[in-house]
Amino acid sequence: MSEIRPRRSVLAMPGSNARALVKAQTLPADVILIDLEDGTAPDAKAAARAQVAAAVAARGFGHREVVVRINPPETEDGEADLAALARAGADAILVPKVRTSDTLIAVGSRLRRLGAPSDTRVWAMIETPLAVVNAAEIAGAARDVDGRLSALVIGPNDLLKAARIRPPGRSALVPWLMTVLAAARAYEIDAIDGVFTDLRDAAGFEAECAQGRDLGFDGKMLIHPSQIDPANAAFAPDAEEIAQARRMLDVFDAPENRARGVVAVDGKMVERLHVEVSRRTLAMAEAIARLGA
Ligand SMILES: CC(C)(COP(=O)(O)OP(=O)(O)OC[C@H]1O[C@@H](n2cnc3c(N)ncnc32)[C@H](O)[C@@H]1OP(=O)(O)O)[C@@H](O)C(=O)NCCC(=O)NCCSC(=O)C[C@H](O)C(=O)O
Ligand SMILES: [Mg+2]
């Protein structure tokens, strides 16, 4: 079974926004994503870098996974971000505008040379057409980057721009999303759906969360605290899925079914592969319950 870590809600905030960094410490997001790239203005980058390194090192985010999006690592800002963050204690470094796995391998080596803990993860933004075309090769870096690569994150704004798809363009993006999802699953890493930018459209946001969940994503990148609860609800197994998963395990555990690969439950054929799905559902539900404990 691949890693069980709730990543239903990945709340982004500019690294330059001191108020957001404090507020994030009390918000129910699974992941706090602090952005030193596009969300931080060029003139504010140096001060933001120092502020973010200090905030991460202070370890005030509790159980939340802390991820810092650096500037492209081949730039001066990106190199300075890595140097400042490598040993600050972030759970992961998110690399923007990845095009090939070489960038991730270079970031992995740089983190090692900078003395980053071995459990510092690398996440990759998939937001260029080349990254979608190379999705399998990029996800395959999970075997190379010291085992650090643990999530691909969709960047719909950059994708729409580069592909010249007319916004909002969600349906046009679905084949691109599924290409990324297949790559992530092939290498057993997480896939996080991209941002929904219309903060006034709560119904549209919920619908997009439900779609992202049904497509197979593990969670969604968010831009505002008001999006956390709907995302947490959408990407968690619901009561019916949990009951169904328990039932599935009971059925295959029954003495009369132990030697069978396939049985009928409520008129539907189920196979032993559904046991694995059920175990994952229950493990995720337990991990989410532990967050609330
Ligand atoms: C979008 C915003 C600029 C709106 O900000 P604002 O008008 O201040 O919102 P509110 O007045 O409604 O805020 C209410 C309170 O919530 C706090 N807040 C708001 N947003 C956040 C946040 N993201 N994280 C933490 N806290 C937040 C405010 O401070 C208020 O608190 P209080 O003072 O107690 O009342 C703003 O929401 C924002 O900046 N959002 C994040 C933008 C961002 O990070 N963008 C980069 C990521 S998007 C991306 O990566 C796209 C991708 O690359 C692609 O290509 O698609
Ligand atoms: Mg982007």
Side-chain angles (χ1 to χ4, degrees), residues 7-42 44-45 48-49 51-52 55-56 60-62 64-73 75 77-78 81 92-99 103 123-132 135 138 151-170 172-174 176-177 180 191-202 204-205 208-209 212 217 219-232:
R7 288 173 174 146
R8 300 163 296 168
S9 46
V10 178
L11 176 66
M13 65 209 64
S16 52
N17 185 338
R19 168 76 195 135
L21 293 181
V22 171
K23 194 167 172 92
Q25 302 185 6
T26 60
L27 294 170
D30 291 340
V31 183
I32 300 302
L33 170 43
I34 309 173
D35 184 24
L36 291 171
E37 196 222 10
D38 288 349
T40 293
K45 285 195 193 281
R49 181 179 304 124
Q51 170 168 279
V52 169
V56 171
F61 296 93
R64 298 162 195 81
E65 198 169 7
V66 177
V67 179
V68 180
R69 183 165 77 175
I70 60 168
N71 288 282
T75 65
D77 276 320
D81 293 341
I93 298 295
L94 173 59
V95 184
K97 299 185 180 64
V98 170
R99 290 179 172 79
T103 308
W123 291 20
M125 289 292 308
I126 305 297
E127 51 184 352
T128 66
L130 197 54
V132 176
I138 290 170
L152 304 181
V153 185
I154 301 288
N157 294 345
D158 275 300
L159 277 179
L160 291 178
K161 176 183 156 207
R164 297 191 214 120
I165 295 171
R166 181 182 290 205
R170 177 74 173 179
L173 275 187
V174 167
W176 303 51
L177 301 181
V180 177
I192 309 296
D193 198 359
V195 293
F196 182 88
T197 50
D198 188 347
L199 293 173
R200 297 156 309 176
D201 184 3
F205 176 70
E208 197 171 286
C209 283
F217 283 95
K220 193 162 178 67
M221 185 167 169
L222 313 177
I223 53 166
H224 193 274
S226 63
Q227 296 180 326
I228 298 172
D229 287 343
N232 281 349

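What's counted below: heavy atoms across the whole structure, side chains too, no hydrogens, waters or symmetry copies. Counting convention: from 1, in listed order, for ligands and their atoms alike.
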Check: Checking side-chain hydrogen bond (donor to acceptor under 3.5 Å, both in side chains) against Asn71, which of Lys97, Lys45, Glu37 comes through?
Finding: Lys45
Are [X] and [Y] close enough that some pair of their side-chain heavy atoms sits under 4.5 Å apart?
| X | Y | result |
| --- | --- | --- |
| Thr40 | Pro14 | yes |
| Val68 | Leu36 | yes |
| Glu127 | Asn157 | no |

Item checked: Non-hydrogen atoms of Trp123 and Val31 that approach each other most closely -> CH2-CG1, 4.0 Å
Check: Quick check: does any side chain N or O of Lys220 sit under 3.5 Å from a backbone N or O of Gly194, one acting as donor and the other as acceptor?
Finding: yes
Notebook entry, point to check: Would you find a donor on one side and an acceptor on the other, under 3.5 Å apart, between the side chain of Arg64 and the backbone of Gln25?
Noted result: yes
Go ahead and list the nitrogen or oxygen contacts between ligand 1 and the protein that come in under 3.5 Å, distances to 0.1 Å, or just say none.
{"unit_1": "ligand 1", "atom_1": "12 (O)", "unit_2": "His224", "atom_2": "NE2", "d": "2.7"}
{"unit_1": "ligand 1", "atom_1": "23 (N)", "unit_2": "Ala12", "atom_2": "O", "d": "2.8"}
{"unit_1": "ligand 1", "atom_1": "23 (N)", "unit_2": "Ile223", "atom_2": "O", "d": "2.9"}
{"unit_1": "ligand 1", "atom_1": "33 (O)", "unit_2": "Arg19", "atom_2": "NE", "d": "2.9"}
{"unit_1": "ligand 1", "atom_1": "34 (O)", "unit_2": "Arg19", "atom_2": "NE", "d": "3.4"}
{"unit_1": "ligand 1", "atom_1": "34 (O)", "unit_2": "Arg19", "atom_2": "NH2", "d": "2.4"}
{"unit_1": "ligand 1", "atom_1": "34 (O)", "unit_2": "Lys23", "atom_2": "NZ", "d": "3.1"}
{"unit_1": "ligand 1", "atom_1": "37 (O)", "unit_2": "Ile223", "atom_2": "O", "d": "3.1"}
{"unit_1": "ligand 1", "atom_1": "40 (N)", "unit_2": "Ile223", "atom_2": "O", "d": "2.7"}
{"unit_1": "ligand 1", "atom_1": "44 (O)", "unit_2": "Met13", "atom_2": "N", "d": "3.4"}
{"unit_1": "ligand 1", "atom_1": "50 (O)", "unit_2": "Arg69", "atom_2": "NH1", "d": "2.8"}
{"unit_1": "ligand 1", "atom_1": "50 (O)", "unit_2": "Arg69", "atom_2": "NH2", "d": "3.0"}
{"unit_1": "ligand 1", "atom_1": "53 (O)", "unit_2": "Arg69", "atom_2": "NH1", "d": "3.0"}
{"unit_1": "ligand 1", "atom_1": "53 (O)", "unit_2": "Glu127", "atom_2": "OE1", "d": "3.2"}
{"unit_1": "ligand 1", "atom_1": "55 (O)", "unit_2": "Glu127", "atom_2": "OE1", "d": "3.1"}
{"unit_1": "ligand 1", "atom_1": "55 (O)", "unit_2": "Asp158", "atom_2": "N", "d": "3.0"}
{"unit_1": "ligand 1", "atom_1": "55 (O)", "unit_2": "Asp158", "atom_2": "OD2", "d": "3.0"}
{"unit_1": "ligand 1", "atom_1": "56 (O)", "unit_2": "Pro156", "atom_2": "N", "d": "3.1"}
{"unit_1": "ligand 1", "atom_1": "56 (O)", "unit_2": "Asn157", "atom_2": "N", "d": "2.7"}

Note to self: Is Asp38 close enough to the Mg ion (ligand 2) that one of its N, O or S atoms comes in under 2.8 Å?
What the structure shows: no
Notebook entry, point to check: Of all the N, O or S atoms in Glu127, which one sits nearest to the Mg ion (ligand 2)?
Noted result: OE1
Next item on the list: Determine which of the N, O or S atoms in Asp158 is closest to the Mg ion (ligand 2) and give its atom name.
Entry: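 Considering only N, O and S atoms, Asp158 comes nearest to the Mg ion (ligand 2) through OD2.
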